[in-house]
Amino acid sequence: MATNHILIPRITHYHQLPYYFHSPFRQNLAMAFCSPLFSPVNFAVVPKHTKPNYRRNFTISAIPPLSTAITSPLDGTTLAVLGGSSVAALAAILSITDPERRRQLQAEEVGGGDKEVVREYFNNNGFDRWKKIYGDTDDVNKVQLDIRLGHSKTVENVMKMLTEEGSLKGVTVCDAGCGTGCLSIPLAKEGAIVSASDISASMVAEAQKQAQEELLKAKDDLAPTPVMPKFEVKDLESLDGKYDTVVCLDVMIHYPQSKADGMIAHLASLAENRLILSFAPKTFYYDLLKRIGELFPGPSKATRAYLHAEADVEKALQKAGWKIRKRGLIATQFYFAKLIEAVPA
């Protein structure tokens with residue numbers, strides 16, 4: 001079966017960037033770097049199941065040559081406009097920074113590696129920050145608001161993927177890395193039987209609270225009562241059982257590719273019919289943008305961010321006996337994500 005390609009208009013994710021931009025200077029710096037990286041490009045697409053002469057235009061993001069850079073990276077007080085020929089100089093500047101050392105110190109503080117850092121972060125400062133981003137409060141800055149938009153577009157497109165082939169009533173879904181329940185709750189409203197988990201106990205408690213509020217509010221005499229999702233505190237490696245569909249959004253950014261391969265294989269072993277993943281794409285420009293952010297870590301600590309090449313993710317799926325059926329890119333200024341749906345090969 002040929003792979004179907006989905007072009008999702010102006011909607012992707014690289015959600016570690018907000019960790020670095022929490023002062024007016026850092027937000028302006030972020031805008032200076034990100035704004036010139038995107039310009040609209042129209043693609044004509046012939047939708048499936050339509051007549052050949054029917055064409056629809058989608059707008060996605062394209063990246064022109066890099067046009068801005070930092071000339072004083074250590075104190076971040078000077079911005080200069082550079083041409084594409086200065087990319088090599090910028091790369092040399094970035095090479096003298098040592099974000100890895102900061103990550104090592106974080107791991108030592110919590111007595112473990114990446115997983116312990118992630119758990120500690122999302123149970124404390126990270127929970128407060130991401131609860132605001134995933135919520136509807138006005139107490140967010142421009143960067144956080146932009147990321148909220150990107151993440152909501154990811155959830156919206158996952159719901160479209162899941163519902164376009166029929167009702168979700170009675171369908172079992174594993175929401176791996178559920179956060180505050182942004183996907184679990186709409187799935188339950190559609191009648192799915194949801195098993196949701198997160199490494200953070202704080203996130204799980206918030207997801208349970210919001211699910212009770214949302215699902216009880218949605219109850220009426222004419223519609224059946226939605227089944228409350230089952231929320232658990234678990235890391236991905238501890239998940240078990242069998243589900244019609246497994247969804248894992250915005251979690252692979254915490255896994256290096258060597259560990260992501262095993263994680264993808266494990267999630268695929270839990271799914272019977274569909275596996276949906278989102279991940280921060282590894283390209284030259286996104287990797288450069290990530291390194292720029294690491295020059296300005298700010299006062300709050302963040303988790304390590306890993307980007308993934310789509311080819312590596314596809315290879316891991318193939319090794320597990322799965323193939324990609326649909327793929328798309330969701331992108332705002334500060335949120336970049338590849339979204340893929342895989343099925344058994």
What verdict does the side-chain contact (heavy atoms from CB on, under 4.5 Å) test give for K131 and T137, after you've listed the backbone C-alpha separation in whole Å, the side-chain angles of each residue and the deciding distance to 0.1 Å? CA-CA 9 Å; K131 177 186 174 183; T137 176; over 6 Å; no
Please report, to 0.1 Å, the donor-acceptor pairs under 3.5 Å made by any side chain of residues 172-180, with sequence neighbours excluded.
unit_1	atom_1	unit_2	atom_2	d
T172	OG1	D244	N	2.9
D175	OD2	S184	N	3.4
D175	OD2	S184	OG	2.6

Atom pair [atom1]/[atom2] of [X] and [Y] - distance to nearest 0.5 Å:
X	Y	atom1	atom2	value
D139	I133	CG	CD1	11.0 Å
S269	D240	OG	CG	9.5 Å
N157	S278	CG	OG	11.0 Å
N123	D128	CG	CG	10.5 Å
D146	Q333	CG	CD	5.5 Å
L307	M252	CG	CE	10.5 Å

Give the intermediate values and the outcome of side-chain contact (heavy atoms from CB on, under 4.5 Å) for residues L183 and V247. CA-CA 9 Å; L183 178 64; V247 183; 3.5 Å; yes
Indicate the atoms forming the closest heavy-atom contact of [X] with [Y], along with that distance.
X	Y	value
L215	V227	CD1-O, 4.4 Å
A211	F231	CB-CE1, 3.7 Å
P186	M159	O-CE, 3.8 Å
L270	G241	CD2-O, 3.3 Å
L329	P281	CD1-CG, 4.5 Å

Is there a side-chain contact between [X] and [Y] in this structure, where contact means two heavy atoms from C-beta onward sitting under 4.5 Å apart?
X	Y	result
I264	K319	no
L236	Y255	yes
V313	I340	yes
I199	V233	no
H151	C182	yes
K338	L277	no
S238	D235	yes
L275	E341	no

Is the backbone of [Y] close enough, under 3.5 Å, to the side chain of [X] for a donor and an acceptor to pair up by distance?
X	Y	result
D312	H308	no
R148	K132	yes
S167	T163	no

More than 12 heavy atoms of other residues, nucleotides or ligands under 6.0 Å from NZ of K234: is that the case?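 Yes.
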side-chain contact (heavy atoms from CB on, under 4.5 Å), paired with E206, selected from W130, Y134, F127: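 Only match with E206 under side-chain contact (heavy atoms from CB on, under 4.5 Å): F127.
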Quickly, which of V143, L145, L149 forms a side-chain contact (heavy atoms from CB on, under 4.5 Å) with F334? Name it, please.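 Answer to the side-chain contact (heavy atoms from CB on, under 4.5 Å) test with F334 among V143, L145, L149: V143.
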Using the benzene-type ring in the case of Trp, are the ring centres of H254 and Y306 under 6.0 Å apart?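 Between H254 and Y306, the centre distance exceeds or equals 6.0 Å.
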Could you give all pairs that pass the side-chain hydrogen bond (donor to acceptor under 3.5 Å, both in side chains) test and reach residues 258-267, with sequence neighbours left out?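 Of all non-adjacent pairs touching residues 258-267, those that pass side-chain hydrogen bond (donor to acceptor under 3.5 Å, both in side chains) are Q257-D261.
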Can you check salt bridge (charged side-chain N to carboxylate O under 4.0 Å, His left out) on K323 and E314, steps first, answer last? CA-CA 7 Å; K323 63 182 179 180; E314 187 162 14; over 6 Å; no
Could you pull out all residues at least two apart from K160 that satisfy salt bridge (charged side-chain N to carboxylate O under 4.0 Å, His left out)?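 By the salt bridge (charged side-chain N to carboxylate O under 4.0 Å, His left out) rule, K160 matches E156.
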I'd like to know if the side chain of Q208 pairs up with that of Q212 as donor and acceptor (distance under 3.5 Å, no hydrogens or angles considered).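 Result is no, nothing qualifies.
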Pair R274-Y243, side-chain donor/acceptor within less than 3.5 Å: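 Their side chains do not contain a donor-acceptor pair, so the 3.5 Å distance test is not met.
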Check this for me, if you would: do D198 and R119 make a salt bridge, where the nitrogen-to-carboxylate-oxygen distance has to be below 4.0 angstrom?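 A salt bridge is absent here (no side-chain N lies under 4.0 Å from a carboxylate O).
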With the threshold set at 4.0 Å, does a side-chain nitrogen-carboxylate oxygen contact exist between E310 and R327?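 Salt bridge present between E310 and R327.
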Same apolar cluster: V204 and Y121, side chain cutoff 4.5 Å: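 No, it is not one cluster - the side chains of V204 and Y121 are not joined through contacts under 4.5 Å.
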Under a 4.5 Å side-chain heavy-atom rule over Ile, Leu, Val, Met, Phe, Trp and Tyr, are M228 and I185 clustered together?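 Both belong to a single hydrophobic cluster.
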Going through the checks in order, is the side-chain contact (heavy atoms from CB on, under 4.5 Å) test met by V140 and D138? CA-CA 6 Å; V140 289; D138 294 330; over 6 Å; no
